[in-house]
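Notes follow the structure.
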Amino acid sequence: MDRILITSAIPYINGIKHLGNLVGSQLPADLFARYMRCRGHEVMFICATDEHGTPAELAAAKAGKQVEEFCTEMHEVQAEIAKGFRLSFDNFGRSSSPQNHVLTQHFAGKLAENGFIREVVEEQVYSPTDGRFLPDRYIEGTCPNCGYDSARGDQCDNCTKQLDPTDLINPYSTESGATDLEVRETKHLHLRQSALKDDLDAWINSKHDWPVLTTSIAKKWLHDGDGLQDRGITRDLDWGVPVKKGTEDWPGMEGKVFYVWFDAPIEYIAATKELTDANGEDDAAWKRWWRLDEGAEDVKYFQFMGKDNVPFHTLSFPATIKGSGEPWKLVDYIKSFNYLNYDGGQFSTSRGRGVFMDQALELLPADYWRWWLLSNAPESSDSEFTWENFQAGVNKDLADVLGNFVSRVTKFCRSKFGEEVPAGGEYTAEEAELIASLTTRIRAYEGHMSAMEVRKSAQELRAIWVAGNEYLQTTAPWSAFKTDPDRAAAITRLSLNLIRLYSVLSAPFIPDASAKMLAAMKTENADWPGDVAEFLAALPAGHAFEVPEVLFAKISDEDREAWQERFAGTRD
RNA sequence: GGCGCGGUAGCUCAGUUGGUUAGAGCGCUCGACUCAUAAUCGAGAGGUCGGGAGUUCAAGUCUCCCCCACGCCA
């Protein structure tokens with residue numbers, strides 16, 4: 001039995017994520033976690049909300065709430081949606097947790113001790129009216145280039161020219177409208193990633209089995225231009241982890257907090273501690289996952305994320321870990337994903353384009369989305385969501401191939417033999433052939449699942465479903481029944497056992513339907529198939545079952561058209 | 001403008017270190033079956049692998065140039 005640590009990139013607290021976000025990290029991570037549990041491994045599957053930073057403060061203000069209150073509510077919303085999609089996190093934590101405060105401050109302290117922190121004095125725009133420093137994009141003014149009067153401090157939306165806030169003519173705060181802005185000096189901490197560059201480079205180069213997407217992004221950041229740059233890890237904000245050197249105050253850094261990208265990945269560790277704390281366990285319980293000197297030596301650590309998160313996970317977070325000089329667990333494998341596009345364009349949170357997680361669950365059960373998204377996961381390149389493809393894929397794979405198989409077998413049996421596994425008849429060469437073919441396919445499926453080859457896994461699983469229909473078509477028990485009822489009974493007995501096989505194999509993809517299939521077969525035995533012939537004999541003659549409700553209703557053309565229309569524009 | 005990733009059947013995508021007639025699913029056509037959610041199974045049609053040049057006994061797969069789409073950065 002292996003010990004498998006899995007983390008999914010943590011979604012930002014501000015708003016509900018769209019299907020592109022889901023398929024880029026949480027969903028494939030869940031697939032892998034479920035599979036590893038099915039295979040009997042000890043799994044720790046961690047996710048959380050990323051709660052700090054200006055966008056959260058502003059969203060809270062807009063909602064007329066305190067930021068803590070806002071985050072608590074939004075965390076609850078995201079946690080509920082995650083449950084709706086059957087994301088099987090062992091803990092869905094919060095980056096604002098006390099555990100993360102302590103750990104983040106601890107790492108910063110160690111980095112400072114080891115000389116990887118540099119204090120830098122910068123000039124930033126301060127608004128006396130707002131009582132705070134303003135991030136570039138919360139300052140607007142007239143563009144010096146094109147004269148557009150609502151150019152942002154980082155870029156002009158009209159002429160696309162990149163700007164500094166000080167370039168703007170008649171700048172004002174977008175928060176208060178205040179125009180009495182001034183430039184003030186402020187001190188910040190920078191993480192000396194440049195000093196760790198060679199170490200990180202060697203580490204990345206040793207990862208020969210990582211996806212090209214992952215390593216190519218990391219290498220670009222390492223070698224592009226002047227190479228890996230130091231990065232500011234603090235901000236002049238209220239909402240965040242207060243800057244401390246371990247448990248000590250940090251002179252000159254009063255009133256400042258760590259920047260989100262510094263504390264967010266540390267939350268992976270903190271969320272594990274949140275879990276064990278909640279369970280009343282001691283520190284050894286979480287350290288055995290994260291500390292090489294306290295039991296994590298044999299842990300295999302997998303991270304899942306979209307490509308936009310790769311730099312933080314290949315460079316920034318490892319720099320934090322390595323720079324600490326302490327034996328923390330480093331990631332063993334980074335599975336990264338491209339983007340899922342929506343109907344010819346991008347999904348967009350800010351513009352509300354596409355289907356969002358809460359809306360998706362209003363339309364259809366989780367299994368529909370899980371199956372389609374995973375079987376079309378953007379692994380090797382960006383991929384595309386269209387309503388036509390979604391409808392066709394779901395109807396064909398889930399309703400016609402899998403759902404209908406369950407229907408035809410259980411209903412045939414009920415009408416000819418009653419609602420129990422029929423006795424009589426012998427297995428022939430046809431059964432031997434089916435079992436041989438299934439064995440090959442199941443072993444291939446296991447290989448793809450272990451390798452996190454999501455699309456290939458889905459393809460193989462589908463082929464296994466098809467094999468059942470093929471078998472029925474060839475053996476035609478409805479014909480055999482007329483001349484040789486015993487033969488028909490043998491075929492039906494095997495086919496009923498196939499339903500249990502499909503339940504077990506499909507569980508990581510479509511957990512709800514899987515549970516329904518197992519329940520219909522009136523068994524709780526969901527052990528993974530080793531010897532297939534043996535597995536298919538587990539439900540013996542005389543074992544009762546029931547005909548389940550239709551597993552997957554089809555998506556009608558009317559529904560599809562209505563949804564297409566509804567989601568054509570922006571989110572209401 | 002620089003960099004990055006792509007451009008393979010109507011659609012969505014696979015194609016290992018260059019090597020026999022370029023693959024899958026859907027869609028389409030035809031056939032079989034009638035247990036089943038008008039479901040299933042089989043067969044077939046369909047691509048000069050964005051364009052051009054080159055390296056090689058051999059290129060979708062390597063090199064160069066160009067075109068197109070997307071993304072990141074200045």
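Just so we're on the same page: letters track the sequence lines, and every chain starts at 1.
Taking atom CG of A:D557 as the reference point, atom C1' of B:A38 lies 13 Å away to the nearest angstrom. To the nearest angstrom, P of B:A24 lies 20 Å from CH2 of A:W465. The CG-P distance, from A:D397 to B:A39, rounds to 14 Å in whole Å. Between A:L374 atom CG and B:C13 atom P the separation is 16 Å, expressed in whole Å. Protein atom CD of A:E470 is 14 Å distant from nucleotide atom C1' of B:A32, rounded to whole Å. B:C72 atom P lies 20 Å from atom CD of A:Q229, rounded to whole Å. Atom CG of A:L373 is separated from atom P of B:C13 by 13 Å (rounded to the nearest Å).
Residue A:K307 places none of its side-chain N or O atoms closer than 4.0 Å to OP1 or OP2 of B:G4.
Considering A:D559, A:D400, A:V394 in turn, A:D400 is the only one that fulfils the side-chain contact (heavy atoms from CB on, under 4.5 Å) rule with A:K554. For the ring-ring contact (aromatic ring centres under 6.0 Å, His included) criterion with A:F390, the lone passing option out of A:F567, A:W369, A:W563, A:Y368 is A:W369.
Take A:E430 and apply the side chain to side chain contact (heavy atoms under 4.5 Å, CB included) test, not counting sequence neighbours, and it matches A:T428, A:T474, A:T475, A:R487. A search for side chain to side chain contact (heavy atoms under 4.5 Å, CB included) contacts involving A:Q391 returns A:N395, A:I555, A:D557, A:R560, not counting sequence neighbours. Checked against side chain to side chain donor-acceptor pair (under 3.5 Å), A:W371 has the following partners two or more places apart in sequence or in another chain: A:D397.
Using atom P as the reference point in both B:C65 and B:A9, the two lie 25 Å apart (nearest Å). When the P atom is used for both B:U34 and B:U12, the distance is 38 Å, rounded to whole Å. Rounded to a whole angstrom, the distance from the P atom of B:G10 to that of B:C72 is 31 Å. As rounded to the nearest Å, B:G18 and B:C57 have P atoms that lie 15 Å from one another. Between the C1' atoms of B:A39 and B:C33, the separation comes to 12 Å (whole Å). Rounded to the nearest Å, the gap between the C1' atom of B:C5 and that of B:G50 is 16 Å. Taking the C1' atom of each, B:C35 and B:G23 are spaced 33 Å apart, rounded to whole Å. Spacing between B:G2 and B:G46 at atom P, rounded to whole Å, works out to 43 Å.
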For nucleotides 5-12 of chain B, give me every protein contact, N/O to N/O, under 3.5 Å, one pair per line with atom names.
residue	atom	partner	partner atom	Å
B:U12	O4'	A:N389	ND2	3.4

Could you pull out the protein-nucleic contacts involving nucleotides 33-37 of chain B (nitrogen or oxygen on both sides, under 3.5 Å)?
residue	atom	partner	partner atom	Å
B:C33	O2'	A:W478	NE1	3.3
B:C35	O2'	A:R408	O	3.3
B:C35	O2	A:R408	NE	3.1
B:C35	N3	A:R408	NE	3.4
B:C35	N3	A:R408	NH2	2.6
B:C35	N4	A:R408	NH2	3.1
B:A36	O2'	A:N404	OD1	2.3
B:A36	N3	A:N404	ND2	3.2
B:A36	N3	A:R408	NE	3.2
B:U37	OP1	A:K411	NZ	2.5
B:U37	N3	A:F552	O	2.7
B:U37	O4	A:L551	N	3.4
B:U37	O4	A:F552	N	3.2

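A:E446 and A:Y35 form no side-chain donor-acceptor contact under 3.5 Å, judged by distance and modelled atom types alone.
Stretches of at least 3 consecutive Watson-Crick or G-U wobble pairs, with each checked distance under 3.5 Å, appear in RNA chain B as B:1-4 with B:70-73, B:10-13 with B:23-26, B:28-32 with B:40-44, B:50-54 with B:62-66.
The residues A:R86 and A:D512 are annotated as salt-bridged, a charged nitrogen and a carboxylate oxygen being separated by less than 4.0 angstrom.
Aromatic rings from A:F405 and A:Y471 are positioned such that their centres are separated by 6.0 Å or more. Less than 6.0 angstrom separates the ring centroid of A:F385 from the ring centroid of A:Y342.
In this structure, A:F302 and A:Y333 have tilted ring planes: the angle between them lies in the 30° to 60° band.
Toward the 5' end of RNA chain B, the nearer of the two residues A:E379 and A:K396, judged by each one's closest nucleotide, is A:E379.
With a 6.0 Å radius and a threshold of 12 heavy atoms from other residues, nucleotides or ligands, A:E426 has its CD atom at or below the threshold.
Side-chain N or O atoms of A:Y339 include none that pairs as donor or acceptor with a backbone N or O of A:G306 at under 3.5 Å.
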